[in-house]
Structure formats: C-alpha cells, structure tokens
Amino acid sequence: MQILIVDDSKAMRMIVGRGLRQAGYGGSEIVEAENGAMALEKIRQRRPDLVLSDWNMPEMTGIELLRALRAEGIDVPFGFVTSESTPQMRQTAREAGALFLIAKPFTADDIGDALSKAGV
Amino acid sequence: MPIDEQCIREIVGDIWSSMLQVELTHVPASAHQPNGGAHFSAHVAITGEWDGAVEVSCGEALARAFTAAMFGMAPEEPGAEEIRDAIGELANMAGGSVKAAIPGDNALSLPTVSQGVGLRTSFPGSRVVAEAGFACDGGTFAVTVVEKTS
C-alpha cells in the first residue's frame, strides 16, 4: 500500500508516518509532499492508495487539492489530518469527498480508527 | 468553552502529551521570560468573526528539546530550520484548538515563527485574553491568546 502524507511541516509528516506505523501500517510505502500543488503532481504520477493531508498549506490547501483531484476524476481515498476540526470544516471535508478528518493533536489509535472505519 | 487560562492549560496539555509525550506542570505565565537568551516565538492568527492570535514562546533549549521529540532526533541534533518547523506546528495545533473553541466562522493562518536573543513579541491593537505558563525538563514556556481591539 502506498500512502501519501501532505503537510507543510516536516515534523508533522514524520509524526503522521510514525502514527501510521504504530497503527499497523508499517508495511506501507510512505511518500511525502509539502503542499497541495506538489501532492497533486505526485498523485497524478504515482497514484497512491491513500492520501493523508493537512488543510492549511501554502501554494495549495488540502481542500483545494481534494477538489482538484475529484475534478480530474481521481477518486483516491482521502483523509485530512489537521488542526482545523470545527463541525463546519468537517462538513466541508465530507462534501468535498474526504473519508475522514483526524484532528490534531492525535494518537496512533486515532489514525488506526479512522482508517479502519473508512475501510482503508 | 471560554478562552481562559484553564482552557489554554487543557489545550496545551493535550497537545504536548499526545504529540510529544511530555508532561507539563503549570507555572505563572510571568515565570517565563526571555532573559536575554536565544528565544523562539511562533504565532498563528485567527480571523473572521473573531480576530486575534495564539502565540507559543519558549527558550532555545526547550524549543530544541520539543523539536527532537517531534522529529525523533537526539536532543542535540535539531537545527534552526527543524526548530522553526516544530515550534510553528505546535503553534498551529494550539491555534486550531483555540479556534475550535471560539464560536463563529473563522480562519486560521499559517504560522509565523521568529527567533532572536531576548526576543519579545507584541501585537499592537490587541489585548491579552488569556495566557498560561508551563514547565517541564529543560525550562518554561508560555502560550498566549490575544484579541484584536482596534
């Protein structure tokens, strides 16, 4: 399984990766992107099995990335890992096609639960 | 949830515990002072129906320790770039949690990180809504919420 982690913070990309390993996804190939624009290019090229994306990023936000993917017909499973966790943001995420939104701060169990419920 | 010292304590405690596995003790916010040493400050702005900012402020040694914890590095390994990244992300998480506690439609900015010797930040046209001080191995740090008044 190939998982793309998108976050402008390298520290957070490492923490998400660590959380995935602790949640039992250690056998997955982890790919990283530091903003939505770079992620869009990597998704077009590599077609990952799952995208975990921050919301607020320079160049292209996570919600802009998700909308761009769906506009191109790319149905990659997509979830947010973000400090933006209000009910309104969650609804916006759902409406755009996100399977889940994990709020920061999070634990490895939060990651595992979200992916499990999403059927990933 | 009102934005007060207790609110900040809960938010920060949750973040530092789950993301850094660091347990904190509470100290007066005034206990944390730059004291002429190297210092880092990161803040995020919240704008919309409420305008303000959330700042995380700490000395270099503690910033380096937090960064090492986030990156999984040895304590002496993090460089300035990693520290700015980590402190910015801590401010981002604190800001996101404060934003979630504030009613209304608001947006969160990307973090702004500053570093310097004896660094002190101010937010003109704003007032301090709440602040809290924390201590752990390595020193003290403070988290402050300000609201724009003009």
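The basis for the numbers below is simple: all heavy atoms, side chains too, and nothing from hydrogens, waters or symmetry mates.
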Trainee: Return all side-chain donor-acceptor pairs below 3.5 angstrom for residues 63-76 of chain B, not counting sequence neighbours, or 'none' if the list is empty.
Mentor:
| residue | atom | partner | partner atom | Å |
| --- | --- | --- | --- | --- |
| B:Arg64 | NH1 | B:Pro78 | O | 2.4 |
| B:Arg64 | NH2 | B:Glu60 | OE2 | 2.6 |
| B:Thr67 | OG1 | B:Ala63 | O | 2.7 |

Trainee: If I measure from the heavy atoms of chain B, does A:Met57 come under 4.5 Å with its side chain, its backbone, both, or neither?
Mentor: backbone

Trainee: Report whether B:Leu20 and B:Ile83 are members of the same hydrophobic cluster (ILVMFWY, side-chain heavy atoms less than 4.5 Å apart, transitive linking).
Mentor: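 The answer is yes; both residues are in one hydrophobic cluster.
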
Trainee: At what distance, to the nearest 0.5 angstrom, does CG of B:Leu90 lie from OG of A:Ser83?
Mentor: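 It is 11.5 Å, given to the nearest 0.5 Å.
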
Trainee: Tell me, out of B:Asp85, B:Asp14, B:Ile11, who's got the most heavy-atom pairs with chain A below 4.5 Å.
Mentor: B:Asp85

Trainee: Mind checking which of residues 103-111 of chain B sit less than 4.5 Å from chain A, heavy atom to heavy atom?
Mentor: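 Near chain A, by residue number: B:Asp105, B:Leu108, B:Ser109, B:Leu110.
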
Trainee: Give, as side chain, backbone, both or neither, the part of A:Pro58 having an atom under 4.5 angstrom from any heavy atom of chain B.
Mentor: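 When you check distances to chain B, atoms from both the backbone and side chain of A:Pro58 fall under 4.5 Å.
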
Trainee: Please list, in residue-number order, every residue in residues 134-149 of chain B that has a heavy atom less than 4.5 Å from any heavy atom of chain A; write 'none' if there are none.
Mentor: none

Trainee: Could you please state which residues from residues 2-19 of chain A sit under 4.5 angstrom from chain B, measuring non-hydrogen atom to non-hydrogen atom, sorted by number, or 'none'?
Mentor: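 Interface residues of residues 2-19 of chain A: A:Asp7, A:Asp8, A:Ser9, A:Lys10, A:Ala11, A:Met12, A:Met14, A:Ile15, A:Arg18.
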
Trainee: Applying a strict under-4.5 Å side-chain criterion to I, L, V, M, F, W and Y, I'd like to know whether A:Val51 and A:Ile102 cluster together.
Mentor: no

Trainee: If hydrophobic clusters are built from ILVMFWY residues whose side chains come within less than 4.5 Å, do A:Val76 and A:Tyr25 share one?
Mentor: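 No, because A:Val76 and A:Tyr25 fall into different hydrophobic clusters, even though each may have its own neighbours under 4.5 Å.
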
Trainee: Check whether more than 12 heavy atoms from other residues, nucleotides or ligands sit under 6.0 Å from atom CD of B:Gln21, and answer yes or no.
Mentor: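 It does: B:Gln21 CD has more than 12 such atoms within range.
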
Trainee: How many angstroms lie between atom NZ of A:Lys104 and atom OG of B:Ser18, to the nearest 0.5 angstrom?
Mentor: 12.0 Å

Trainee: With clusters defined by side-chain heavy atoms of hydrophobic residues (ILVMFWY) lying less than 4.5 Å apart, directly or transitively, does B:Val54 cluster with B:Trp16?
Mentor: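 Yes: a chain of side-chain contacts under 4.5 Å links B:Trp16 to B:Val54.
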
Trainee: Can you get from A:Met38 to A:Leu66 by hopping between Ile, Leu, Val, Met, Phe, Trp and Tyr side chains that sit under 4.5 Å apart?
Mentor: no

